[in-house]
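Numbers restart at 1 for each chain; the letters A, B, ... are given by sequence-line order, proteins then strands.
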Number of protein chains: 2
Amino acid sequence: MNYSRQREVILNTLKSNVVHPTAEYLYSVLKETEPNISLATLYRNLNQLAENGIIKKIDGLDTSSHFDHNTHEHYHFICEKCGRVFDVSSDIAPNLVKKTEDETGFLINKYDIVFSGTCKDCLKNLE
Amino acid sequence: MNYSRQREVILNTLKSNVVHPTAEYLYSVLKETEPNISLATLYRNLNQLAENGIIKKIDGLDTSSHFDHNTHEHYHFICEKCGRVFDVSSDIAPNLVKKTEDETGFLINKYDIVFSGTCKDCLKNLE
DNA sequence: TATAAAATGAGAATTATTATTATTTTTGTA
DNA sequence: TACAAAAATAATAATAATTCTCATTTTATA
């Protein structure tokens, strides 16, 4: 993987983003500082960064992949009302990989837990 | 939801299927007995059945949704080598929903654990 | 049996993502 | 520093999975 300015900008933009953006959202933000960046470049780099373990790709939340600069073990929740994505502590499922590998005899390369429902704020608004 | 013969056939086909098929695969099987069935009808019914809790839609395994007639709590593993989908016992993550709801204060409606890696058979073939 | 609601088949449309390609940038070496 | 090979880019075409549209048919009910 050679250096590329675009990749650096993409990673920095993702890092400065508190949410768990989709490619489309990142693209809209990147356009401000990098008006000539191509959507293909964005996708290519996001995939490369994920393959190299520098970021994480989150699938199964909604129709798009989301991206996360936090590679520490944690899981995700998407609110069906407001669409926000939240982190869930890995404490909810201790030793998940070891347990599963022991139980199945499979070798695990990637895994994720994805929840959807109603977040605290949206529950409050329903009262 | 009114009765429809097509929906009944779709559900029966899914039930008699040991794998966790995609819509495309189900379509190819259904075509044999229901040559006029429409792909739109298949998708519409799979979604309806899932919304009504009669089947489960599994997302995040690969580029397509997979469908599962087994609605008991369990998780999934997809082998990156052979593409097969396996069930994983819910014992690997006890009290997952309660723990997560307690920890987050969110209301969980849907959740899933998805693993990918190499299955036992494919590991053996690598030796 | 008439009617309204729901479902269908066919195919167009949409959405997210990947592939193609000519050009540009990066990098290791002469 | 210049140069060639490898890698990356922008622009856009292509693809894959799924949903939408709509005229017609089926189902449930009064």
Side-chain angles (χ1 to χ4, degrees), chain A residues 1-14 19-52 54-68 78 80 83 85 110 114 116, chain B residues 1-14 19-52 54-68 78 80 83 85 110 114 116:
Chain A
M1 200 162 56
N2 280 350
Y3 171 83
S4 97
R5 193 177 45 72
Q6 286 87 337
R7 188 182 301 126
E8 190 171 44
V9 174
I10 289 167
L11 183 56
N12 287 337
T13 306
L14 182 58
V19 297
H20 302 74
T22 60
E24 204 59 47
Y25 177 80
L26 272 174
Y27 188 61
S28 73
V29 174
L30 283 162
K31 272 287 186 185
E32 293 170 23
T33 49
E34 293 284 318
N36 291 324
I37 202 165
S38 164
L39 197 52
T41 300
L42 176 56
Y43 273 105
R44 192 177 348 94
N45 279 298
L46 287 171
N47 284 330
Q48 281 179 156
L49 290 166
E51 275 157 24
N52 286 276
I54 298 160
I55 66 173
K56 257 190 80 173
K57 190 175 185 171
I58 317 166
D59 285 310
L61 284 171
D62 55 22
T63 55
S64 309
S65 293
H66 291 243
F67 297 89
D68 195 343
I78 187 164
E80 289 160 359
V85 176
K110 259 183 65 179
V114 161
S116 63
Chain B
M1 198 161 58
N2 280 352
Y3 170 83
S4 97
R5 194 177 45 72
Q6 285 88 336
R7 189 182 301 125
E8 189 170 44
V9 174
I10 290 168
L11 183 56
N12 287 338
T13 306
L14 182 59
V19 299
H20 301 74
T22 61
E24 204 59 47
Y25 177 80
L26 273 174
Y27 187 61
S28 73
V29 174
L30 284 163
K31 272 286 184 186
E32 293 168 25
T33 49
E34 293 283 320
N36 292 324
I37 202 164
S38 164
L39 198 52
T41 301
L42 175 56
Y43 274 105
R44 194 178 344 95
N45 279 298
L46 287 171
N47 284 330
Q48 281 179 157
L49 290 165
E51 275 156 27
N52 287 275
I54 297 159
I55 66 172
K56 256 191 80 173
K57 189 175 188 172
I58 317 166
D59 285 311
L61 284 172
D62 56 20
T63 54
S64 308
S65 293
H66 291 243
F67 297 89
D68 196 344
I78 186 163
E80 290 160 0
V85 176
K110 258 184 67 180
V114 161
S116 63

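Distance from the side chain of A:Gln6 is smallest for D:dA10 among the nucleotides C:dT8, D:dT18, D:dA10.
Residues B:Phe67 and B:Ile55 come closest through the heavy atom pair CD2-CD1, 4.0 Å. Of all non-hydrogen atoms in B:Thr41 and B:Ile10, the two that sit nearest each other are O-CD1, 4.1 Å. Here the shortest heavy-atom pairing between A:Leu14 and A:Pro21 reads CD1-CG, 3.6 Å. Scanning all heavy atoms of the two residues, the minimum distance from A:Thr22 to A:Ser64 falls at CG2-CB, 3.9 Å. Between A:Glu32 and A:Pro35, the shortest heavy-atom contact is O-CD, 4.5 Å. Considering every non-hydrogen atom in both B:Val114 and B:Asp59, the closest pair reads CG2-O, 3.8 Å.
Between B:Tyr25 atom OH and D:dA17 atom P the separation is 16 Å, expressed in whole Å. The interatomic distance linking A:Tyr3 (OH) with D:dT9 (P) rounds to 10 Å, in whole Å. Per the geometry, CE belonging to A:Met1 stands 14 Å off P belonging to C:dG28, to the nearest Å. Summarising the geometry, the separation between CZ on B:Arg7 and C1' on C:dA5 is reported as 13 Å, rounded to the nearest angstrom. When the C1' atom of D:dA10 is taken as reference, atom OH of A:Tyr27 falls 9 Å away, rounded to whole Å. Taking atom CD of B:Glu8 as the reference point, atom C1' of C:dA7 lies 15 Å away to the nearest angstrom. Taking atom CZ on B:Arg5 and atom C1' on D:dA28, their separation rounds to 18 Å, with Å as the unit.
Using a distance-only test at 3.5 Å, with no hydrogens or angles considered, a donor-acceptor pair links the side chain of A:Arg7 to the main chain of A:Asn2. For the pair B:His20 (side chain) and B:His66 (backbone), a donor-acceptor distance under 3.5 Å is absent.
Considering only heavy atoms from C-beta on, B:Leu46 comes within 4.5 Å of B:Leu26 through its side chain.
Phosphate contact (OP1/OP2 of C:dA7, side-chain N/O of B:Gln48, threshold under 4.0 Å): present. Side-chain nitrogen and oxygen atoms of B:Asn2 include none within less than 4.0 Å of the OP1 or OP2 phosphate oxygen of C:dT8.
Remark: B:Asn36, B:Ile37, B:Ser38, B:Ala40, B:Thr41, B:Arg44 in residues 28-44 of chain B come within less than 4.0 Å of DNA chain C through at least one heavy atom. Near DNA chain C, defined here as any heavy-atom distance below 4.0 Å, the residues from residues 57-67 of chain A are A:Thr63, A:Ser64, A:Ser65, listed numerically.
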